[in-house]
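Ligands are counted one by one from 1 in listed order, and the atoms in each one are counted from 1 as well.
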Amino acid sequence: MQLSMYINGAWVEASNHATRTIINPFDQSQVATAAEGSKMDSDKAIAAARKAFDDGEWANTPANERGEKVRLIGEKVKEHAEELARLETLDTGKTIEESRADMADIANVFFYFAGLADKDGGELIPSPIPNSISKVVREPIGVCSLITPWNYPLLQAAWKLAPALAAGNTLVIKPSEITPLTTVKIFEFFDEIGFPKGVVNLVLGNGKDVGAPLAESTDVDLVSFTGGIETGKTIMQAASSNVKKIALELGGKNPNIIFADSDFDTAVDQALNAVFFHAGQVCSAGSRLLVEASLHDKFVTALVERAKNIKLGNGFDEGTQSGPLISAEHRAKVESYIAIGKQEGATVVLGGKRPDDPALQDGFFLEPTIFTGCTNDMRIVQEEIFGPVLTIETFETTEEAIVKANDTIYGLAGAVFSTNIEKAEFVASRLRMGTVWINDFHPYFAQAPWGGYKQSGFGRELGKIGLEEYTEVKHIFRNTNPQPVGWFG
Ligand SMILES: NC(=O)c1ccc[n+]([C@@H]2O[C@H](COP(=O)([O-])OP(=O)(O)OC[C@H]3O[C@@H](n4cnc5c(N)ncnc54)[C@H](O)[C@@H]3O)[C@@H](O)[C@H]2O)c1
Ligand SMILES: C[N+](C)(C)CC=O
């Protein structure tokens, strides 16, 4: 498979003809050769998007027609869902069931924003000035840079592409350099559906050379970034070049609070899913378990019993419940946290090592790992590990659970399990997080906003607000009976 960039309505190789090998993290086999762009390619893509926006064809296309094009992308995703899911599994190692679920979600995201495209007709506001009409309208922002991570490649791209296009912007997207397959594929759909030249552009390559210009360029009006906190900070600084708008969807260290009065089997099952889904490589993974002290021993025993049976394997194989980590470097980082946890005095009660299974030796696998005896001052409790590693702490009172849960620089998501709904709602109201689940973990969908408090970022994706992120607000005031002001006599 050869992967090219898409700039100004044409498929192109990297200006310097550089390429990158894309591998399957299950066995390190080569799955594609991708163009490896440079700053020159990003600059070309930005220039194309700038011209397309300034020409105004897409921004001035009636909103219902823009919505129709966005809907067609959703139709294509639905039609090619199995092919896309297979590409995603090949690229990320996640199970094919997970990839299929992602594709269903992605189609819905395009349908949702397609439907929203023509719903905001502006607002007349009651002007306090006689003989005047005052209205507020939303307009596209301009050129948008969209930068995405490797853990949910097409899903995170869709959360940005669909609202950016529905709102009438032009764009340049850069997927993670290690997982470009499905983003390239969706550009085939854009090409078939037909957008004005320069409206949609795709660049491939690493963050330093290809991503940085997308954040720095003074020809870009907005950068929407999903990825790690350190990259987010760099992007914030770069975006100051022209005070461009920014949306940052960063990491998390998400608490999962289990009260003794929760439904035991549900809470154990959900706690398992919260942290070990996609090998823990989920921004909102429930990697920090807070269990009411009286329930701790029973809960840990049940959790370990379940977690030790998680079947690791090839994402394409029936029965595989978890794939590998994304890369050798990432696994080494997760392993270094396991070593840190041991040094900090936490106890490994499960995993903590690579699996022995000979069939898994070429993949970047790591066993589901559980630490008990954790405290909030430990690095393994405070820092995002982004792997199959769970830390367990206890609490005695509701207040202690809330204080411990909020004791983090992050604020992406959290959950509370209890059959006492008043208590659960109270805890939810006190958690400083963008999403709180009660008696569940993980649900997200196109209709509800997604984003973080604190250092998990700012701005929201999805929901009505997810479209508004890609608009500017304008107040238009009209004097219906113009007269000289007479201020200066
Ligand atoms: N909040 C959310 O919704 C959400 C969703 C998914 C992932 N994430 C976070 O993403 C992280 C994992 O993804 P990752 O390892 O790909 O993140 P990353 O920050 O390393 O990379 C993300 C993207 O940024 C690019 N990039 C790197 N340096 C850049 C620079 N200087 N300028 C511009 N672009 C640059 C990369 O090439 C990639 O495309 C985790 O922290 C996870 O929590 C957050
Ligand atoms: C936002 N989400 C949950 C789909 C992916 C986070 O990594």
Side-chain angles (χ1 to χ4, degrees), residues 20 34 36-37 39 42 91-92 94 98 101-102 105-106 109 145-160 172-180 183 202-217 220 223-239 241 246-254 274 277-287 325-327 329-330 333-334 383-387 409-413 433-435 437 441-446 448-462 466:
R20 169 188 292 267
E36 177 74 5
K39 181 176 184 311
S42 292
D91 217 1
T92 62
K94 64 169 70 179
E98 287 177 52
D102 286 354
D105 227 68
I106 290 162
V109 166
S145 289
L146 314 178
I147 303 175
T148 54
W150 48 259
N151 63 333
Y152 282 76
L154 191 56
L155 186 137
Q156 299 297 165
W159 288 16
K160 301 181 192 306
V172 181
I173 188 167
K174 190 199 91 62
S176 167
E177 57 272 36
I178 49 181
T179 55
T183 310
L202 164 70
V203 290
L204 302 175
N206 67 49
K208 187 169 61 68
D209 298 314
V210 182
L214 300 183
E216 276 162 18
S217 170
V220 171
V223 55
S224 177
F225 169 77
T226 300
I229 193 167
E230 291 311 320
T231 317
K233 289 179 186 175
T234 307
I235 284 178
M236 239 176 131
Q237 284 173 344
S241 61
I246 329 174
L248 297 179
E249 300 291 342
L250 309 178
K253 190 72 185 181
N254 314 288
F277 189 78
H278 192 13
Q281 301 169 115
V282 181
C283 55
S284 47
S287 54
L325 299 188
I326 192 68
S327 65
E329 297 72 29
H330 187 57
K333 180 189 144 188
V334 176
E383 296 174 22
E384 186 185 48
I385 298 175
F386 218 54
I409 61 164
Y410 292 105
L412 188 59
M433 284 139 209
T435 296
W437 295 290
F441 210 104
H442 280 318
Y444 51 83
F445 37 82
W450 179 268
Y453 282 27
K454 301 198 272 183
Q455 294 187 41
S456 288
F458 50 81
R460 290 291 178 271
E461 300 199 289
L462 304 182

State whether the side chain of Ser176 and the backbone N or O of Pro149 hold a donor-acceptor pair below 3.5 Å, judged by distance alone.
no
Any N or O of Lys208 that comes nearer than 3.5 Å to an N or O of ligand 1?
no
Students often mix this up, so state it plainly: with edges at 30° and 60°, are the rings of His278 and Tyr152 parallel, tilted or perpendicular?
perpendicular
Considering both backbone and side-chain atoms of Phe386, is one of its nitrogen or oxygen atoms within less than 3.5 Å of a nitrogen or oxygen in ligand 1?
no
Between the side chain of Asn254 and the main-chain N/O of Ala285, is any donor-acceptor distance below 3.5 Å?
yes
Between Ser145 and Leu214, is there a donor-acceptor pair closer than 3.5 Å when you use the side chain of the first and the backbone of the second?
yes
Below the 3.5 angstrom mark, is there an N/O of Asn206, backbone or side chain, next to an N/O of ligand 1?
no
Is there a heavy atom of Ala212 sitting under 4.0 angstrom from any atom of ligand 1?
yes
Assess His442 for proximity to ligand 2: is some non-hydrogen atom of it under 4.0 Å away?
no
Name the option, out of Gly451, Ser456, Cys283, that contains the heavy atom nearest to atom 8 (N) of ligand 1.
Cys283
Does any N/O atom on Thr234 come nearer than 3.5 Å to any N/O atom on ligand 1?
no
Which of the numbered atoms in ligand 2 are below 4.0 angstrom from a heavy atom of Leu155?
4 (C)
Take every heavy atom of Ser176, measure it against each atom of ligand 1, and state whether any distance is under 4.0 Å.
yes
If you measure from each heavy atom of Gly232 to ligand 1, is any distance below 4.0 Å?
no
Out of curiosity, is Trp450 lining ligand 1, as in a heavy atom under 4.0 Å away?
yes
Have a look at ligand 1 and work out which part of Tyr152, if any, has a heavy atom under 4.0 Å from it: side chain, backbone, both or neither.
neither
Which of the atoms in ligand 1, numbered in the order shown and given with their element, are less than 4.0 Å from a heavy-atom of Gln156?
5 (C), 6 (C)
Under 4.0 Å from ligand 1, counting heavy atoms only, is it the side chain of Pro175, its backbone, both or neither?
backbone
Please say whether Leu250 places an N or O atom under 3.5 Å from an N or O atom belonging to ligand 1.
yes
Thr148 to ligand 1: N or O pair under 3.5 Å?
yes
Sub-4.5 Å side-chain heavy-atom contact between Phe225 and Glu249:
no
For atom 10 (O) of ligand 1, tell me which residue out of Ala413, Gly227, Gly457 has the closest non-hydrogen atom.
Gly227
What atoms of ligand 2 come within less than 4.0 Å of a heavy atom belonging to Asn151?
6 (C), 7 (O)
Between Asp91 and Pro180, is there a side-chain heavy-atom distance shorter than 4.5 Å?
yes
What atoms of ligand 2 come closer than 4.0 angstrom to any heavy atom of Tyr444?
3 (C), 4 (C)
If I take atom CG from residue Leu204 and atom CD from residue Glu36, how far apart are they, to the nearest 0.5 angstrom?
8.0 Å
Looking only at protein heavy atoms, which one is nearest to atom 26 (N) of ligand 1, and what is the separation?
Gly207 CA, 3.4 Å
Counting only nitrogen or oxygen atoms and a 3.5 angstrom limit, does Ser284 reach ligand 2?
no
Whether Glu461 and Lys160 form a salt bridge (side-chain N of Lys/Arg under 4.0 Å from carboxylate O of Asp/Glu) is what I want to check.
yes
Do ligand 1 and Thr231 have nitrogen or oxygen atoms that lie under 3.5 Å from each other?
yes
So for ligand 2, is Val282 a polar contact partner (N or O within less than 3.5 Å, distance only)?
no
With no hydrogens and no angle check, is any side-chain donor or acceptor of Thr148 less than 3.5 Å from a backbone partner on Gln156?
no
Where on Glu461 is there a heavy atom closer than 4.0 Å to ligand 1, on the side chain, on the backbone, on both, or on neither?
neither
Just distances here: any N/O of Thr226 and N/O of ligand 1 closer than 3.5 Å?
no
Hey, would you say the Tyr444 and Trp437 ring centroids sit under 6.0 Å apart?
no
Mark whether atom 21 (O) of ligand 1 lies under 4.0 angstrom from at least one protein heavy atom.
no
